[in-house]
Structure formats: structure tokens, C-alpha cells
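Below: one structure, written as C-alpha cells.
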Amino acid sequence: MAPSRPLGLLVLSVALMSSLAPLASAADHTGGPSLYRNFYEAIDQYSQNHDGELSALKEFLDAEPFADGKKTLMAESNGTLFAPKNDAFVNAGLAIGYGSNGEKPLSVADMLSIDSLREATVESLSLHFVDGPYDSGVMHHEWWLTEAENTSATTSLGEELYLWSNGNNADKDDLKIFYDQSYTDLAATVVAEDIARTDDPDFPAGHEGHVHTIDTLMMSPSMKRLANTGVGFNFEDEIDAEQDLHTVKAVIMTSDVAKFAVLGPGLTGAVLAPTDAAFNTFIEDMNLNVTKFLADTDRVKRVLYEHIVPTISSPNEETTTMEYDTLKDGSEGGVTLSVEFVGGNVTKVTNDGESVEVIQGGCNFQGGCMYKIGKVLISKATKDFVMSRSSTANGKWKEAALLPEGVATADANAAEDLLAKAGLSDLLNDETNTEKFTMFLPGKEKARQDIFDQLGVDTLSEVSVGKDELKKLLDSYRVPASNYDGDKLTEGGSPYQTANPKVKLSMTDNGIAVEDVETGRKLLAKVSATGRSSPMEFENGKVVYFMDNLPVTKKMAFDALTGGASQFTPSIFTIAFMVIAAMVAQLSL
């Protein structure tokens, strides 16, 4: 049945509060129900006088989602309010699958922080108020007991509630509320009848309100839908119960972003949970142990985020494949997974060409699901990142498994030959070398040729410049760690001083730029190039990129050729003068 008034106002009809109206003095409950001017005052005062019995309801009514319609409804003081006791909200949490082990009851804050649950609670609370005069809305318990055996009442939500009693029996246990006319689907039982009444003297006779406490939060249609989508499932409970997901839980606990996304009741997507055996295999393949793996939060987050899909929806087709993006936090995560559905259930997940079958799954009341898998499923880029951080650069940086995508072992060998010619190979090969830096190496033939062209040669064997001069050139692409904050360079910032004191380097979008420090010709002082690989980040503080192209300024090339003896690029007049002087000297002999 359609709601009889806008949703925001419907729930507020439960509150009927008036913070502006003067409060009446609350009488004790001993001689009958206390009288109040409005329902909010009744809830507040009764709860204070009875050990906070309705504090959860009051907390809801004080929350922002209930604020907008207060002024519209505070004039109403007649009707009937079924007030859920605190335990009623805990029971609602159990019914929709949160706190199923009895240790984590769903709090008001939880219910307000989850969009679908908050909306369902707002809708459900408007199911607790019946507005109207005696013949249709006001139901004091004596009338209910004697007259309401087969009576229905229309709530502010527009839904019908069916009232049941034995008739002529003052036992409160015989006051029950049903969702259906056949009295089989029990909504709630009255715990205490007529705990409070509202009686505003500004209204004519017949306008009064009654409050009854009930044991259960009555569920609106939307709340019932939540309860029917995975009763009894909670991610943290499920992980603990499985007994073979200890590592994935430890991984999740390293990230506040992941903890909120996975362990709370608010996940609307999916989490892929590799078994302990799967993580052990993965960690061994990375030359690590669990302690070392968990100690590197950047590495952990890269792996973890590729296993969390923030939003996922069931397809209309029984069998289909859909794509979803994984969790992204800053530069971490954000890959695309291919998810196969059979019969509406997830059966296989693929990441960057690698697939894994789902072992088992379970879903919470939000529609979020956890799928146990037998493999740590990550992209090649993340695998490269993990492997590079799990070893030292020394002697291992050319291993095929560590090289970034698109960089062949032959390219790495050629880069090493260039470093050796310049006397720099120890930076990456000597196990005793402790220098920390970020280095950009030629990763393609084109990048190597960029250097050769400036030296006037075609191959490395033709390079005749001295070791020191070539070293200066290659040092122009190496930034010592002491010249930058954090563990790597950042894009778009100020240029970094390189190991060559005459050159600075900056990170650009997909590339780098180098600029001369000393030259006065600014138009010729800065050169950029694109084609930067993903980084190889090693545990000993060395970061290596490969470049498809390398930028070389004229000053850099000139210094390499001349040994840097000249502090300026000679003009044509200077060269001409030198030639004439040499000729004159020859003629004078």
C-alpha cells in the first residue's frame, strides 16, 4: 500500500516532538500513565525515569534524518505510538544478519551510517505511529483489549497493522500486532501498555495520544527485503568461523580503508578472500614471510585492494560475465576484474589474464558478499611491485620476474653494459652498496640511441668518452634519496637535484624532464621525454624506472664530450676566434 505522506515526514510522525513547546512536568507512572504535551517529551521523560529504556529510539529521533519535518508535525498530539525498547533494535540487527554471534549488536550509529539500512529504519519507524481520533487512531489498552480483536489500523507509512487480543483480558501478553489479516505473521508484542499519554490543552476533547512499548522493531517492506538477503551473515564472524582465513584478516586489519569497507556491515560489493594456504604460497613465491609482508603497508594495500570490489550487482541474466573496478585509495588499487556469474552466483574471477574459481561465498543483508578463493589474485603490475620490494636490487634487478611490463631481459642487460662503461654498475650489483636513489635507465633501443646520438656514435662499443664523462651523463638521470621526501619521486613537483650537480630532474606525466642548472639559455635548458615504466622499488631504498626515450640537453652532451671543462656553450664567434688564432700561430712558425 502506498505511503500516505512523504517519507521524511512519515517517520517524523513517530517523533511528534516539539523542542519549542514548554515541557510539562512528568508525573510518576505509579498511578497510571503520565501526561505530556507531545510524544517526544513522553519518550524522553519516560526513558529517563526507567533506566534509559527508550534511549535507542530517542537517539534515532534526535538524528539528522528525522530533523526536517519536526516543525510540521509538532502540532499533532493525538494518535498511538508503538515505542520499540532498546532490545528491539538489537533484535532487528540480528534479524538482518548483523551481530549474529551476539557479541556485536547493531548500534544506532551503525544503522544511521549505512544508506540502505538508514532509509529502511526511517521507513520502519513510520510504521510505528497510528494517527487519528478515537475511532481510527487512538488506542488505549482497555479499548484494545475489549474491542480490537479483529481490528486493523493504518499507520503513517500507509501500511495496515492488525491488532489482536483475547478480549476482556488485562494480560499485556495478549496484546499483539500482526502484519497480516490472518494473524500468522507476528510483528510485535506489547511489553508495557499505556506507559504515557499526551494531552495538549490547546486541542479539543478527543485529541489525546497513547504510547505502548513493544519488544520488536516492526519491519517496513524495505527492512524485510534486507532481512531476506542473507540472514545471519557478518564478514568478521564469517572470517573467524572459517578457520583458514587468518592471513586475509590480518591483511585487512592493516588498512583503515579496508576495515571500513569489509569488516563493517556496510559493504555493498564483494571481497575476495584467499585462504591461508593461498597466501602462504604467494608469500613464498615473493621470497617473503608473513611478518615481512605485513610490515610493508604499501605492499599489503596494493595486494589487498585488488581483492575488494566496492560495488557489485547481480546480473539479470543467469549466466554472464561482467566487469567491476576494485577498491582505490589514492594511487593504490583500481584494477578491473572480470566476474563470471552462473545462476546469478559468482563462479570465477579474472584479474589481468589470471583466473580463480570461487570455493564458496556468503552475502550480508546489504547484498555485499565474501568469496573464498584458492589463489592471491593480483595484476602483473602489482606482482612486479611486490617482488621488487621483496628483494634488494643488488644483483637481482635484471631478473625477468622483477622487470616491469614491456622491459625485456635484453634491454636490462644493455642498460647494465652502459652503466658498466660509466663505472656505475656497482650501484645495482654490489651487495655492499647502501646508496639510496631513484634512477631512470634506458629501457629501449631508442633511449640508448638518444644517448649515442649526443655522443656522435651508433653503438656502445664506439663510445670513446671517458668513464667520468659518461658517468656525469648517466648521473643526470639519478636522484639521491637525500634530495626527496618519502620513498620515491612525485609527479608535478619542483625539479629534484640529480647526482650530476649541473642537472635537475622532474617527473612528468608518463615521463621525465631534465634541465641545466647553469646555462643562461632557458629555451635550450630543459628537455623532456615520455615512456616511463612502472617502478621497481627495492627494500634497500633503490627505485629503478626504465625509459622508452631519454631527454638530453645540449649542455649535458657538451659536458660529456668535453669533460665539463667549459662552463658555457661556445658561440660560433668563439670557435671562429680559436680557429683563426691557431692559423696565425701556425703561420708564425
Salt-bridged, [X] to [Y], with N to O below 4.0 Å?
X	Y	result
R302	D298	no
D244	K372	yes
D417	K421	no
E354	K383	yes
R448	D411	yes

Result block: side-chain N/O donor-acceptor pairs under 3.5 angstrom for residues 343-350, not counting sequence neighbours:
from, atom 1, to, atom 2, distance (Å)
T347, OG1, E340, O, 3.4
T350, OG1, S355, OG, 2.6

Looking just at side-chain N and O atoms, do [X] and [Y] make a donor-acceptor pair shorter than 3.5 Å?
X	Y	result
T184	D180	yes
T438	Y484	yes
T382	E306	yes
T336	D325	yes
S476	N500	yes

When you compare the side chain of [Y] with that of [X], does any pair of heavy atoms fall below 4.5 Å?
X	Y	result
I451	L418	yes
E159	P221	yes
Y545	M536	no
D450	N549	yes
R478	E435	yes
T490	Y496	yes
L428	L441	yes
M286	F293	no

*Among all residues two or more places apart in sequence or in another chain, which pass the ring pair (Phe, Tyr, Trp, His ring centres under 6.0 Å) test with Y179?*
none
*Under the side-chain hydrogen bond (donor to acceptor under 3.5 Å, both in side chains) rule, what do K542 and N433 come out as? Steps first, then yes or no, please.*
CA-CA 10 Å; K542 302 179 192 292; N433 185 282; 2.8 Å; yes
*On the 0 to 90° scale, with breaks at 30° and 60°, tag the F60-F89 ring pair as parallel, tilted or perpendicular.*
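If you compare the ring of F60 with that of F89, the planes turn out parallel.
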Heavy-atom closest pair, residues [X] and [Y]:
X	Y	value
A83	L57	CB-CD2, 3.8 Å
L505	T498	CB-CG2, 3.6 Å
N86	L54	OD1-C, 3.6 Å
A422	L474	CB-CD1, 3.7 Å
I214	T216	CD1-O, 3.2 Å
M223	M219	CG-CG, 3.5 Å

*More than 12 foreign heavy atoms under 6.0 Å from CG of D485: is that the case here?*
no
_Counting only heavy atoms from other residues, nucleotides and ligands, does the tally under 6.0 Å from CD of E445 exceed 12?_
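More than 12 heavy atoms, drawn from other residues, nucleotides or ligands, come within 6.0 Å of this atom.
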*Quick one: are the ring centres of F440 and F546 less than 6.0 Å apart?*
no
_Which residues share a side chain to side chain donor-acceptor pair (under 3.5 Å) with N510, sequence neighbours left out_ =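 Result, side chain to side chain donor-acceptor pair (under 3.5 Å) vs N510: none returned.
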_With T247 via side chain to side chain donor-acceptor pair (under 3.5 Å) - residues at least two apart_ =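 For T247, the residues satisfying side chain to side chain donor-acceptor pair (under 3.5 Å) (neighbours in sequence not counted) are D276.
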Strictly distance-based, threshold 3.5 Å: is any side-chain N or O of [X] a donor or acceptor partner for the main-chain N or O of [Y]?
X	Y	result
E405	K380	no
S47	S55	yes
H307	A273	no
T326	V335	yes

Gap separating the [atom1] atom of [X] from the [atom2] atom of [Y], nearest 0.5 angstrom:
X	Y	atom1	atom2	result
T281	K375	OG1	NZ	11.0 Å
L473	L550	CG	CG	8.5 Å
K58	D62	NZ	CG	4.0 Å
F437	S482	CZ	OG	12.0 Å
D87	L217	CG	CG	12.5 Å
L424	D475	CG	CG	5.5 Å

*Check side-chain contact (heavy atoms from CB on, under 4.5 Å) between T319 and all other residues, then give those that pass, not counting sequence neighbours.*
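With neighbours one apart ignored, the set is V342.
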_Evaluation steps, side-chain contact (heavy atoms from CB on, under 4.5 Å), between V309 and L337_ = CA-CA 9 Å; V309 179; L337 301 181; 3.8 Å; yes
_Verdict with reasoning, F538 to V544, per side-chain contact (heavy atoms from CB on, under 4.5 Å)_ = CA-CA 8 Å; F538 299 96; V544 178; 4.2 Å; yes
*List the steps, then state whether side-chain contact (heavy atoms from CB on, under 4.5 Å) holds for L403 with D384.*
CA-CA 7 Å; L403 292 174; D384 293 342; over 6 Å; no
*Given side-chain contact (heavy atoms from CB on, under 4.5 Å), test I512 with Y477 step by step and report yes or no.*
CA-CA 9 Å; I512 60 173; Y477 309 110; 4.1 Å; yes
_salt bridge (Lys or Arg N to Asp or Glu O under 4.0 Å) partners of K444, counting only residues at least two apart_ = none
